[in-house]
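Shown next, in structure tokens, is the structure this report addresses.
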Amino acid sequence: MNQGPYYGNGGGFYQAAGSQLPPAQPSPQQVQAAQAQYAMSQGMLPLEQSYIENILRLNKGKQATVYMTYERGSSLGTQAYKGIIEAAGRDHLIISEPESGKRYLLLMIYLDYVEFPEEIIYFPQGAATYAPR
């Protein structure tokens, strides 16, 4: 018994002879890969890799001034930390102050901006990539 363009036996549907399937849509992974390839060709980090921690990782070893604003009521207020970028994670940044030997573990939640006295690297060189969030 044929019921409209599709028929089946209770468990699934089968396309009737002569009907056409809609064109196949690319998977989200295929779309993401194409966007990443386009971004790289334009000299940018792919969208899923342009997070601050990844940009900071690309600039590890460079001098930077990190500006942080702490919560109201805190005695710290706004602070600037000048040093060398040692590491960056999703929620933190580690910089070292060569003159004093101090190291700072700074929380990204308080980060306002980062200033570099030289050109920064924004796109990976060669095959250096970081896992997306």
Does a side-chain heavy-atom distance below 4.5 Å link [X] with [Y]?
| X | Y | result |
| --- | --- | --- |
| M108 | R90 | no |
| L106 | L111 | no |
| K82 | Q63 | yes |
| F116 | I85 | yes |

Quiz item: Closest heavy-atom contact between I95 and G83?
Solution: CD1-N, 4.2 Å
Self-check item: Heavy-atom closest contact (Q79 atom, Y70 atom, distance)
Solution: CG-CE1, 3.6 Å
Quiz item: Is there a donor-acceptor pair closer than 3.5 Å between any side-chain N or O of S100 and the backbone N or O of K102?
Solution: yes
Quiz item: Taking atom CD of E71 as the centre, does the number of heavy atoms from other residues, nucleotides or ligands within less than 6.0 Å exceed 12?
Solution: no
In Å and rounded to the nearest 0.5 Å, what is the [atom1] to [atom2] distance from [X] to [Y]?
| X | Y | atom1 | atom2 | value |
| --- | --- | --- | --- | --- |
| Y110 | L76 | OH | CG | 9.0 Å |
| Y113 | T65 | OH | OG1 | 8.5 Å |
| R103 | L105 | CZ | CG | 12.0 Å |
| H92 | L56 | NE2 | CG | 10.5 Å |
| I109 | D91 | CD1 | CG | 9.5 Å |

If Ile, Leu, Val, Met, Phe, Trp and Tyr residues are connected whenever their side-chain heavy atoms lie under 4.5 Å apart, and connections chain through other members, are [X] and [Y] in the same group?
| X | Y | value |
| --- | --- | --- |
| Y81 | I52 | yes |
| I120 | V114 | yes |
| I84 | I94 | no |

Self-check item: SB check K60 E86 (cutoff 4.0 Å)
Solution: no
